[in-house]
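Counting starts at 1 for both ligands and their atoms, in listed order. The figures here come from the full heavy-atom set of this structure, side chains too, leaving out hydrogens, waters and symmetry mates.
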Amino acid sequence: MSSNQCINGARLWQSIMEMAKIDALPGGGCGRLTLTDGDLEARALFNRWCEDAGCTVTYDRLGNMFARREGRELDALPIAIGSHLDTQPHGGKFDGVYGVLAGLEVVRTLNDLGLETDAPIEIVNWTNEEGARFAPAMLCSGVYAGLFDLEFALSREDADGKRFGDELARIGYAGSEPCGAHRFGAFLEAHIEQGPVLERHDEVIGVVTGGQGQRWYDVTVTGRDAHSGSTPMPGRRDALVSAARMIQEVQRIALAYGPDGVGTVGALQVSPNSRNTIPGEVRFTIDFRHPDDALLSGMDNAIRRAALEEQEAWVALDMIWHNPPVKFDEVCIDAIETAAKDIGQPWRRMVSGAGHDACQLARKVPAAMVFVPCRDGLSHNEGEWAEPDHLEAGCNVLLQAALTLSKQMAPVT
Ligand SMILES: [Zn+2]
């Protein structure tokens, strides 16, 4: 890498800190839910910065924002760089924001260097990545990629019954361009890892090769309500005892499919939830994840077998979601890996544990991601922290990868 082709780490940091003032929380984080007044303020600031950097800003019907810096080849598809500006209710300063403002820093650097790229560069802010206000997460990148339809997105409601479409119109970001019509040659996303792997290995760059697959289940265990004093132990049909065995199975299966497999029971309801009644019904959730779809199927088989073998109560498994693993594009991965080697920081190839906009996009557009460490792997927490040097390194990787890809993207014929 030529040493004069470096981003300005101090400027990137200042921009992240400036953005973090919008909907700042006392504990140092941000609570900037999507399509709120705070989101509007964040969008306006981002819009102003992009226009100051010479970009043309447009947005589509779901308010996804695209800031374009033209390239030499007017008909080449743009290399897009982005993430999201919305946060969790008690979110941090970096989740999502880093990926958007790293894209801006790439553009600002290209301006400083007077560099014209072959393909245009676009910075993207995806609406409602977090899903904290309007479920599900990654909603608008999902519509873009064809995983959800437009009406589904517009009709989502928050806890107060406010519709996504109405709130989008209220903040003035319901554009006219159909969602998904805006074409990219490639999409790159930089993000804090939100896990401990890079930090544990003293590495600075994660070259992300894909996202893991997920299977989500609603489980209903049906036994029989009965008196806790007068019902002998033999012959009881205690739904909670069966549920407890199933939860241990989830743990056992995840460990057997480790280290990549993970399994979680995050919610449980006991009925009638009374001290002196044997529980007649228990409902709980299972979240299984694995980067290999065949092994994720193995986890599925194992939990189904356990459900059939359970004697005390009847276990019904309803798989409500199967999101297959996503593999990122080899050309994009190579561009990121080469850049990581060039900047001379320790790096590793890895799979993303969390879902990201890039995982949705990859179903439609060549995509890949760059991870940087975050302290203690902590995210979705006000204490989320990333070192300025690491953010700078990740952004330099983005710059080099975008320059490589910009040359490789052939003009559209
Ligand atoms: Zn994020």
Side-chain angles (χ1 to χ4, degrees), residues 12 15-16 19-20 22-23 25 28-36 38-39 42-43 46 62-65 80-105 123-145 147 187-199 205-206 208 210-212 214 289 323 326 328 336 350-362 367-386 390-391 394-395 397-398:
L12 170 63
S15 300
I16 294 170
M19 188 60 81
I22 302 173
D23 285 334
L25 298 175
C30 291
R32 198 166 54 242
L33 296 182
T34 197
L35 308 187
T36 56
D39 185 14
R43 286 166 181 267
F46 171 63
L62 292 180
N64 296 317
M65 296 173 72
I81 305 171
S83 194
H84 57 97
L85 292 175
D86 67 329
T87 77
Q88 288 285 320
H90 295 165
K93 297 183 182 78
F94 305 95
D95 174 2
V97 174
Y98 170 52
V100 177
L101 298 183
L104 174 64
E105 180 53 39
I123 317 158
V124 189
N125 170 33
W126 297 104
T127 303
N128 191 44
E129 192 277 344
E130 292 292 358
R133 183 177 179 201
F134 298 102
M138 301 172 283
L139 179 68
C140 298
S141 53
V143 174
Y144 178 95
L147 301 170
F187 178 74
L188 303 176
E189 182 170 3
H191 208 283
I192 56 168
E193 182 199 332
Q194 303 183 289
V197 176
L198 291 172
E199 187 182 62
I205 299 294
V208 188
Q212 55 187 352
Q214 287 161 269
R289 305 192 192 202
N323 188 30
V326 56
F328 287 147
I336 288 170
M350 61 192 299
V351 170
S352 175
H356 294 288
D357 291 313
C359 300
Q360 308 282 64
L361 268 285
M369 293 186 75
V370 182
F371 277 172
V372 295
C374 55
R375 190 163 65 199
D376 298 330
L378 191 66
S379 184
H380 288 193
N381 184 303
E382 285 195 64
E384 183 183 271
W385 184 258
H390 295 166
L391 298 171
C395 190
V397 168
L398 266 190

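- Two residues are said to be in side-chain contact when any heavy atoms from C-beta on lie closer than 4.5 Å; Leu35 and Phe134 meet this criterion.
- In this structure, the side chains of Glu193 and Glu199 stay at 4.5 Å or more apart for every pair of heavy atoms.
- Listed by chain and number, the protein atoms of type N/O/S under 2.8 Å from the Zn ion (ligand 1) are His84 NE2, Asp95 OD1, His191 NE2; waters are omitted.
- Side-chain contact check for His84 and Asn128: no donor-acceptor pair (N or O, by modelled atom type) lies under 3.5 Å.
- No side-chain heavy atom of Phe371 sits less than 4.5 Å from a side-chain heavy atom of Val197.
- Using a 4.5 Å heavy-atom threshold, the side chains of Trp385 and Leu378 count as separate.
- In this structure the side chain of Ile81 never reaches within 4.5 angstrom of the side chain of Glu105, judged on heavy atoms.
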